[in-house]
Amino acid sequence: MDSSEYIKKRIQSLTEDSDEIRSLSPVTNDFDSWSALKLILHSAAVNMYTTVLENTDYFQDLFYIDALAGSGVSTYGDDDTCFLGSPIIAAKVAQEPFKKMYLIEWDEDKAAALETRLQYIFDNHADALEPEEWEVIQGDANTHLPKVADDISEVREGGFNYYCFIDNQELNVKWDAIDSLTPKPWGDLLINLPTASGIGRNATKRPVPKELNDFYCTDLNEEDLPQSNVRPKMKALYRKCLTQNGRPIQRITNIDANVGSYEYDLLYATRETGGENGYIRVIEYVKEFIEDVHAGDVDAFLDVIHDDQSSFEQYLPNEDVDDEIPDKEAESQTSLADF
Ligand SMILES: C[S@@+](CC[C@H](N)C(=O)[O-])C[C@H]1O[C@@H](n2cnc3c(N)ncnc32)[C@H](O)[C@@H]1O
């Protein structure tokens, strides 16, 4: 599959059958259009993760964790347009079924809507791969992530690994919960850093508010934080926490709508695998696409999302990663064999 085809598939995965899936419940999440960009990266990350890791001999079981799972559908703008939520995208783009999907959502109505929607797609859509087990957990991710880590670690022999999406809107998932996912079981994280909202708004206050301090692995009151342009320092500190936590391989994708108060970063973090691999190169490629799209104006961006061919081509990165994109039929992938 060539690179442009690959990105197109990622974009299609955000909206395919979304009206049908939305109609199963009146409950949705609200969205702003720029949020769709994070889902393109999520779609690519799940797709590559399942393709590459399933094809190594080492891993028998792959798990999916969605710490802030939502209702399964998000609407934006005039409410006519909707996107699929991250758990549904994951089920649809995974190359092999997960062993188990853990979907944590605080809000009772959203958790119920997600459960209804997932049951429906597993029953009716052959492209959504039903895991051996899946569970919508209604409650606080900070309480449930440690339990999920225990559950994954229990009674397993052989290699296993997880992909965990943490789609923070504010300072939702605290450091202790992330720490509980490490070092065992091993897994990859895709974290939405609320760079402008939760972080930027609080980082110049003294003392540093507890909710921000709890988001980091270190006492921020002991750090030399600047009083202006604080965001780069805060990102660097978060990356340092993840490095100390055993995930030094990181790729950060910045979404900045240039309106001051709207900026988030997507941080993909994994552990050292002993060299370059195609997996990370595809994340880099998609990152470049996303950062170019967000640098355009909102109309151009919506054209891309709605599959306008000419707009789409203009944002494709120059280099190609065709060799890194595994076809479903490929015999074997060895790039993460040493994982
Ligand atoms: C940005 S939305 C997630 C959207 C979802 N990733 C998607 O793509 O559809 C964040 C969700 O997390 C939920 N939430 C907020 N804090 C939470 C917490 N501490 N534990 C579990 N869920 C939480 C909210 O109710 C909301 O549905």
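Whatever order the structure lists them in is the order used to number ligands and atoms, beginning at 1. Everything numeric in this text was worked out from a predicted model, so none of it was measured. Position 1 is the first residue of the sequence, and the numbers go up from there.
Contacts between Ile89 and ligand 1, counted as non-hydrogen atom pairs separated by less than 4.0 Å, are absent for every part of the residue. Neither the backbone nor the side chain of Pro87 comes within contact range of ligand 1; no heavy atom lies under 4.0 Å.
Checked against the 6.0 Å centroid threshold, Tyr64 and Tyr162 do not count as a close aromatic pair.
No side-chain heavy atom of Asp61 sits less than 4.5 Å from a side-chain heavy atom of Phe98. No side-chain heavy atom of Pro97 sits less than 4.5 Å from a side-chain heavy atom of Glu130. A heavy-atom distance below 4.5 Å is found between the side chains of Gln227 and Arg206. Put simply, the side chain of Ile178 reaches to within 4.5 Å of the side chain of Val173, judged on heavy atoms. Counting only heavy atoms from C-beta outward, the side chains of Glu263 and Ile255 never approach each other to under 4.5 Å.
Here the protein heavy atom with the shortest distance to atom 8 (O) of ligand 1 is Ser86 N, 3.0 Å. Protein heavy atom nearest atom 20 (N) of ligand 1, with residue, atom name and distance: Ala141 N, 2.8 Å. Annotation: atom 17 (C) of ligand 1 to nearest protein heavy atom, Leu68 CD2, 3.4 Å. Of all protein heavy atoms, the one lying nearest to atom 25 (O) of ligand 1 is Glu105 OE2, 2.6 Å. Nearest to atom 22 (N) of ligand 1 among the protein's heavy atoms is Trp106 N, 3.1 Å.
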task: May I have the step-by-step check of side-chain contact (heavy atoms from CB on, under 4.5 Å) for Thr270 and Trp186, ending in yes or no?
output: CA-CA 9 Å; Thr270 185; Trp186 280 110; over 6 Å; no

task: Start with the C-alpha gap between His42 and Tyr268, add the side-chain angles, then the distance that decides, and say whether ring-ring contact (aromatic ring centres under 6.0 Å, His included) holds.
output: CA-CA 10 Å; His42 171 64; Tyr268 195 91; over 10 Å; no

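Close contacts of ligand 1 with Asp167, meaning ligand atoms under 4.0 Å from a residue heavy atom, involve 1 (C), 3 (C), 4 (C), 5 (C), 6 (N), 8 (O). Each of the atoms 27 (O) of ligand 1 lies under 4.0 Å from some heavy atom of Lys110. The ligand atoms of ligand 1 that sit less than 4.0 angstrom from a heavy atom of Asn172 are 15 (C), 16 (N). Applying the 4.0 Å criterion to heavy atoms of Leu39 picks out, from ligand 1, the atoms 8 (O). Ligand 1 places these atoms under 4.0 Å from at least one heavy atom of Gly85: 7 (C), 8 (O), 9 (O). Interface of Gln169 with ligand 1, defined as ligand atoms under 4.0 Å from a residue heavy atom, comprises 1 (C), 10 (C).
Taking both residues in full, the closest heavy atoms of Asn142 and Ala177 are given as OD1-CB, 3.8 Å, listed atom of the first, atom of the second, then distance. Between Leu129 and Ala94, the closest heavy-atom pair is CD1-O, 3.1 Å.
Summarising the contacts of atom 2 (S) of ligand 1 with Asp140, Val27, Asn29, the nearest heavy atom is found in Asn29.
Within the 4.0 Å heavy-atom cutoff, Gly139 counts among the residues contacting ligand 1.
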